[in-house]
J.: 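Have a look at this one.
Keep in mind that what you see is a predicted model, and the values were worked out from it rather than measured. When a ligand or atom number is given, it counts from 1 through the structure's own listing order.
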Amino acid sequence: MRPALPIAVRAVLLLVLLSSTGSVLYVTYRNTRNARSLAVLSLESTALALSSSAENALRASGKGSAGEIREILSDRVVAYALIAGGDGTILFHTNPRMAGAILPEEGLGRWLHSGAGFGRRVTLGTGLPAYEYNYILHRPDGTPELLRIVLHTAAADRILSDARTMWWTVAGVLALLWAAGIVLERLFARQLRLAVEVERRERLSLIGQMTASLAHEIRNALGGIKGFVQLDEEKKRAPGDHNGPVSPALRGIGRIESLVNDLLIFSREETYESRPVDVAPLVREALETDASRWGGSVELSIPPGIRARADREKMRRVLANGIRNAVESMRDGGVLRITVGEEDRRIAIRIEDEGPGIPEPDRARLFTPFHTTKTDGTGLGLAYSRKVVEGMGGTIELSNRKEGKGAILSIHLPSAGGAGHA
Ligand SMILES: Nc1ncnc2c1ncn2[C@@H]1O[C@H](COP(=O)(O)OP(=O)(O)OP(=O)(O)O)[C@@H](O)[C@H]1O
Ligand SMILES: [Mg+2]
């Protein structure tokens, strides 16, 4: 699968999420706005209806009967109502004790002559919210008076609180939607990674099979050629000489042989016999075979009893290559430092050298098969090491030392329990 596909799928998923979020938010916003204006409208129309009924009653009965008006304004939704003259004197109040009191408002007379009715939200003395509607009442004789109707807003506020609840519900649904989208994206990405990994493994395994059968054929053919050249060399070599006329050919054959052997080891399908392996003797064995003739000094820090879960023979090869790489990088002298320890139930093996370290451009290619900077190297050592260390459930990396020059090969393997474990 191409990497462009996940980007396209991600973009589509994001677009779907964004557009559905946008439309849900817009619809909710519209609904809330409508609910708000509906609430105000319902208060306003109730107040208006009551005001005109009161005005009609006033006109019908000439001077206006307080009893009739009281009855009209006795609706449960009315908190209180009053009629005041231009000088602010309360002529009528639903609470009869308030009649005769003076309204504190200034400019009431002016407003009664030139103003228009209006509504506003207020808070009652009890702390409850209310809606106050001021209406200009005209007596049969044309005198304007203020009719103030104050309504309880509980019913209208319920509409608003329902609208607020709707926001919370929508926020919850959107959070769920996004969470589902993110989970879906993660699942998809994981699935894709697995598919790519499976494809890579299959391709590698196919290349491995081809390489192995090719290497096998070359080795068989080489066996015959080598026997023939050796015979020829023995025939033509003068008595007492080490080298005959075809010695260079024999050396070349030897080189091809070792390359083919490395290839066979690298390309074969591995099976792992993972068991508890004592790390200290394994390191010493690798040192003996690969650093015994080296002129520098070796520093070991390996607590006894450290055991990794690994395939012993494969691990020995990995360590041998690591040690060989380290001493080859230092040539004749320097310090080779090997430390082994246990970190978070994993065994950490570090092989440090004082060589030139890894040049930045090479870092990405270190574990690629056939990458080598040596004239006689095959470049399969690290590639093989990664293959088997990862096959044993471990990790391997090669980096430059943080202090001083040189490189450090770090290998982590599952712990098999040892001195540190019961
Ligand atoms: N300790 C090190 N210091 C500097 N460079 C290193 C070190 N270890 C590895 N390298 C670089 O990584 C390359 C690849 O190493 P790798 O072990 O895979 O192959 P090689 O040693 O060249 O050949 P061989 O197949 O014989 O092991 C080396 O050629 C070298 O350039
Ligand atoms: Mg090597």
Side-chain angles (χ1 to χ4, degrees), residues 204 207-208 211-212 214-215 218-219 251-268 270 282-283 285-301 313-340 348-392 394-413:
L204 277 182
I207 294 173
T211 315
L214 204 68
I218 294 172
R219 193 165 67 168
R251 275 199 297 279
I253 289 170
R255 171 104 182 82
I256 299 173
E257 226 175 13
S258 94
L259 177 68
V260 166
N261 283 341
D262 279 356
L263 258 181
L264 274 172
I265 290 176
F266 175 70
S267 58
R268 76 181 164 207
E270 295 290 355
L282 200 62
V283 171
E285 235 173 82
L287 272 172
E288 245 161 62
T289 53
D290 291 274
S292 57
R293 279 184 289 159
W294 177 61
S297 60
V298 179
E299 283 179 11
L300 289 184
S301 162
E313 184 46 31
K314 293 182 181 61
M315 207 44 226
R316 195 195 57 74
R317 272 198 217 116
V318 169
L319 291 176
N321 178 63
I323 290 170
R324 216 164 41 242
N325 282 353
V327 301
E328 280 171 359
S329 78
M330 291 187 278
R331 300 183 188 271
D332 299 325
V335 180
L336 168 68
R337 200 168 288 115
I338 303 179
T339 45
V340 177
I349 306 170
R350 293 200 170 85
I351 303 174
E352 287 179 66
D353 62 63
E354 293 182 338
I358 321 289
E360 192 51 39
D362 285 358
R363 284 188 59 170
R365 288 178 295 162
L366 290 173
F367 291 88
T368 311
F370 303 112
H371 166 72
T372 182
T373 52
K374 301 170 191 168
T375 45
D376 60 347
T378 55
L380 287 172
L382 286 178
Y384 172 81
S385 300
R386 169 172 279 181
K387 179 178 149 183
V388 296
V389 168
E390 288 183 354
M392 290 185 284
T395 58
I396 180 167
E397 60 177 30
L398 179 61
S399 51
N400 284 325
R401 286 171 66 197
K402 297 216 168 41
E403 289 147 26
K405 66 180 181 112
I408 171 164
L409 181 75
S410 311
I411 301 164
H412 284 86
L413 287 169

J.: Does the side chain of Met315 come within less than 4.5 Å of Ile349's, by heavy atoms?
T.: yes

J.: Salt bridge between Arg219 and Glu257, side-chain N to carboxylate O under 4.0 Å?
T.: no

J.: Checking the side chain of Ser292 only, and the main-chain atoms of Thr289 only, is there a donor and an acceptor separated by less than 3.5 Å?
T.: no

J.: Are Val283 and Leu300 close enough that some pair of their side-chain heavy atoms sits under 4.5 Å apart?
T.: yes

J.: Can you work out which protein residues put a heavy atom within less than 4.0 Å of ligand 1?
T.: Asn321, Asn325, Ala326, Ser329, Asp353, Gly357, Ile358, Leu366, His371, Thr372, Thr373, Lys374, Gly377, Thr378, Gly379, Leu380, Gly381, Leu382, Leu398, Ala407

J.: Can you tell me if Arg331 has over 12 outside heavy atoms packed within less than 6.0 Å of its CZ?
T.: no

J.: Strictly under 2.8 Å, is any N, O or S atom of Asn321 next to the Mg ion (ligand 2)?
T.: yes

J.: Could you tell me whether Glu354 and Lys405 make a salt bridge, using a distance below 4.0 angstrom between a side-chain N and a carboxylate O?
T.: no

